[in-house]
Amino acid sequence: MTNQNVVVSDTKSGINMSITVAVSNSSIFATTAQKPPPAPGGGGGGGGYISISRKKILKDLDVNGGWIESMRASSPTHVKSLPSLSASDDHHQNSWMQLHHPSALDMFDQIIEASKGKQIVMFLDYDGTLSPIVEDPDKAFMSEAMRKTVKKLASCFPTAIVSGRCRDKVYGFIRLAELYYAGSHGMDIKGPTKSSKFKKAVNQGLLFQPASEFLPMIDEVYQQLVEKMKSTPGAKVENNKFCISVHFRCVDEKQWNDLAQEVKSVVKEYPMLRLTQGRKVLEIRPTIKWDKGKALEFLLESLGYANCSDVFPIYIGDDRTDEDAFKVLRERNQGFGILVSKIPKDTHASYSLREPSEVMYFLQRLVQWKRPSLLRRRPCRV
């Protein structure tokens, strides 16, 4: 079986839902049929998205269990079963890594070569990228070594954190005032509050919140979901200001369908909100045309690189929502997207890293390349 990304739309209700449909195939993995683009970024497609009737697909999913398969597919805990994969499946995994989305560490010299003469701008997701995925989202702390690495990175390149988390919450985890922060999937953007050589006059007091009018609605839905989830042990509802996350990482798998139905029963009453799915989380967001890709473009514009050919954005993320940013980079034919994943996935990213420890090593190598004096010793690959 493979997983096909599907964007489900309902013109009547206005709700959009990003889901994954199981498709029969000889391989259990979905991969992109493309090699990483040549420097400096190569255009082309990536993962494919199709639009179909929301009513029809939801009916099929409820009958055939496709919703549950999608939720299972989003669970990184299933990586634990990888050692038992067949030789054929292991071949597919190695092929995905080596041919389609090679390690950014192995391709580091090529990435640097492609960036020469250009300004690197760094965009980093938080959960699963700078910090490990944990059962309790309130305890997703980054290591002190990672924090120091990001601080050094920000002294070398303009650096932004782009997360689905509430901006204040992700800032509380990182605590670096020299970064740009884009919370709520880019719907809450704030510039550095600490002096930075990359901070231009236009960014003094930068604050951009394109979904402010949705705040009362988000709060209302949040309260309803908190009440609904009280009957589901392990479920956690998180208010991320401009979006809501319903975490089911600690919920018994037998209750996933009931949880999904409860969430959908609330969202369907709000046609201005849409439901999407991430790594063991269901997310409710405004229907405005804004995502991490739009946030990336906004930040580049704020930095003065809107129409520049001498900019080289690098975006590192692990979630489906990061695909919007990966896609933007391909369409701009600038920079690269790097997916953090131990397993093959359909993605618009050009390269891959397996886990946060590899992300840290990659960032350390960037710092060492830019300013060798910032690292007292050569970074150690974990």
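Residues: numbered from 1 along the sequence shown. Keep in mind the model is a prediction, meaning the values are calculated, not measured.
No donor-acceptor distance shorter than 3.5 angstrom exists from the side chain of S163 to the backbone of G183, with no hydrogens or angles considered. Between the side chain of S184 and the main chain of N240, a donor-acceptor pair closer than 3.5 Å is present. Checked by atom type and distance alone, the side chain of R147 pairs as donor or acceptor with a backbone atom of R175 at under 3.5 Å. Judged purely by atom type and a 3.5 angstrom limit, R365 uses its side chain to pair as donor or acceptor with the backbone of L105. No donor-acceptor pair closer than 3.5 Å links the side chain of Y126 to the backbone N or O of I174. Between the side chain of E323 and the backbone N or O of H348, at least one donor-acceptor pair lies under 3.5 Å. In this structure, E358 contributes its side chain and R354 its backbone to a donor-acceptor pair below 3.5 Å.
In this structure, V246 and M229 have side chains that are in contact, with non-hydrogen atoms separated by less than 4.5 Å. Contact check for S350 versus R330: side-chain heavy atoms found under the 4.5 Å cut-off. Annotation: side chain of L176 is in contact with side chain of Y181 (closest heavy-atom distance under 4.5 Å). Counting only heavy atoms from C-beta outward, the side chains of I284 and L225 approach each other to under 4.5 Å. Residues D318 and L353 form no side-chain contact, since every pair of their non-hydrogen atoms from C-beta on lies 4.5 Å or further apart. Contact of the S302 side chain with the L206 side chain is registered, since non-hydrogen atoms from C-beta on lie closer than 4.5 Å. Using a 4.5 Å cut-off on side-chain heavy atoms (C-beta onward), M187 and I288 make contact. Counting heavy atoms from C-beta outward, F214 and F242 have side chains that stay 4.5 Å or more apart.
Rounded to the nearest 0.5 Å, atoms CG (D319) and CD1 (I133) are 7.5 Å apart. With rounding to the nearest 0.5 angstrom, the CG atom of L130 is 5.0 Å from the CD1 atom of I161. For the atom pair CD1 (I314) and OG (S115), the distance works out to 6.5 Å, reported to the nearest 0.5 Å. Here the CD atom belonging to Q209 is positioned 7.0 Å from the CG atom belonging to L215, to the nearest 0.5 angstrom. For the atom pair Q364 CD and M146 CE, the distance stands at 8.5 Å (nearest 0.5 Å). If you take CD1 on I112 and CD1 on I120, they are separated by 5.0 Å, rounding to the nearest 0.5 Å.
Residues meeting the side-chain hydrogen bond (donor to acceptor under 3.5 Å, both in side chains) test with K241, sequence neighbours left out: none. E135 is linked by a salt bridge (Lys or Arg N to Asp or Glu O under 4.0 Å) to nothing, counting only residues two or more places apart in sequence or in another chain. Residues satisfying the salt bridge (Lys or Arg N to Asp or Glu O under 4.0 Å) test with D125, not counting sequence neighbours, are K292. Applying the salt bridge (Lys or Arg N to Asp or Glu O under 4.0 Å) rule to R165 yields the partners D127, E238; only residues at least two apart in sequence or on another chain are considered. With sequence neighbours left out, the side-chain hydrogen bond (donor to acceptor under 3.5 Å, both in side chains) criterion links E297 to no other residue. Scanning for salt bridge (Lys or Arg N to Asp or Glu O under 4.0 Å) contacts around K116 gives E113, with sequence neighbours left out.
With respect to F336, the ring-ring contact (aromatic ring centres under 6.0 Å, His included) criterion is satisfied by exactly one of F312, Y315, F123: F312. Under the side-chain hydrogen bond (donor to acceptor under 3.5 Å, both in side chains) test applied with E283, the options H247, Q277, H185 reduce to a single match, H185.
Between F173 and F141, the angle of the ring planes goes over 60°, which puts this pair in the perpendicular group of the 30/60° scheme.
Counting all heavy atoms, side chain and backbone alike, R332 lies closest to A306 at NH2-O, 3.6 Å. Between P356 and G128 the shortest heavy-atom distance is CG-O, 3.8 Å. Taking all atoms of both residues into account, the shortest heavy-atom contact from Q255 to S231 is NE2-O, 4.4 Å. Closest heavy-atom contact between A177 and Y171: CB-OH, 3.9 Å. Summarising the geometry of L329 relative to G337, their closest heavy-atom pair is CD1-N, 3.9 Å, with the distance given to 0.1 Å. Across all non-hydrogen atoms, the minimal contact from L259 to V251 is CD1-CG2, 4.0 Å.
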- Query: Under the side chain to side chain contact (heavy atoms under 4.5 Å, CB included) criterion, do L303 and Q119 qualify, and how do the steps go?
  - Reply: CA-CA 11 Å; L303 284 162; Q119 173 63 62; over 6 Å; no
- Task: Quick one: do L299 and I189 satisfy side chain to side chain contact (heavy atoms under 4.5 Å, CB included)? Show the steps, please.
- Result: CA-CA 9 Å; L299 285 167; I189 300 176; 3.7 Å; yes
- What's the verdict on side chain to side chain contact (heavy atoms under 4.5 Å, CB included) for V237 and K228, showing C-alpha distance, side-chain angles and the deciding distance? CA-CA 10 Å; V237 184; K228 287 275 189 181; over 6 Å; no
- Message: Working note: K345 + L339, criterion side chain to side chain contact (heavy atoms under 4.5 Å, CB included); need CA distance, chi angles, decisive distance, verdict.
- Response: CA-CA 9 Å; K345 293 180 179 179; L339 175 69; 4.1 Å; yes
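Remark: the Y270 side chain and the Q224 side chain contain an N/O donor-acceptor pair separated by less than 3.5 Å.
The 12-atom threshold is not exceeded at NZ of K294, counting heavy atoms of other residues, nucleotides or ligands nearer than 6.0 Å. Under a cut-off of 6.0 angstrom, the local environment of CG in D310 is crowded, with over 12 non-hydrogen atoms contributed by other residues, nucleotides or ligands.
If you look at F208 and W290, their ring centroids are closer than 6.0 Å.
One hydrophobic cluster, built from ILVMFWY side chains closer than 4.5 Å, cannot hold both V134 and F248; they sit in different ones.
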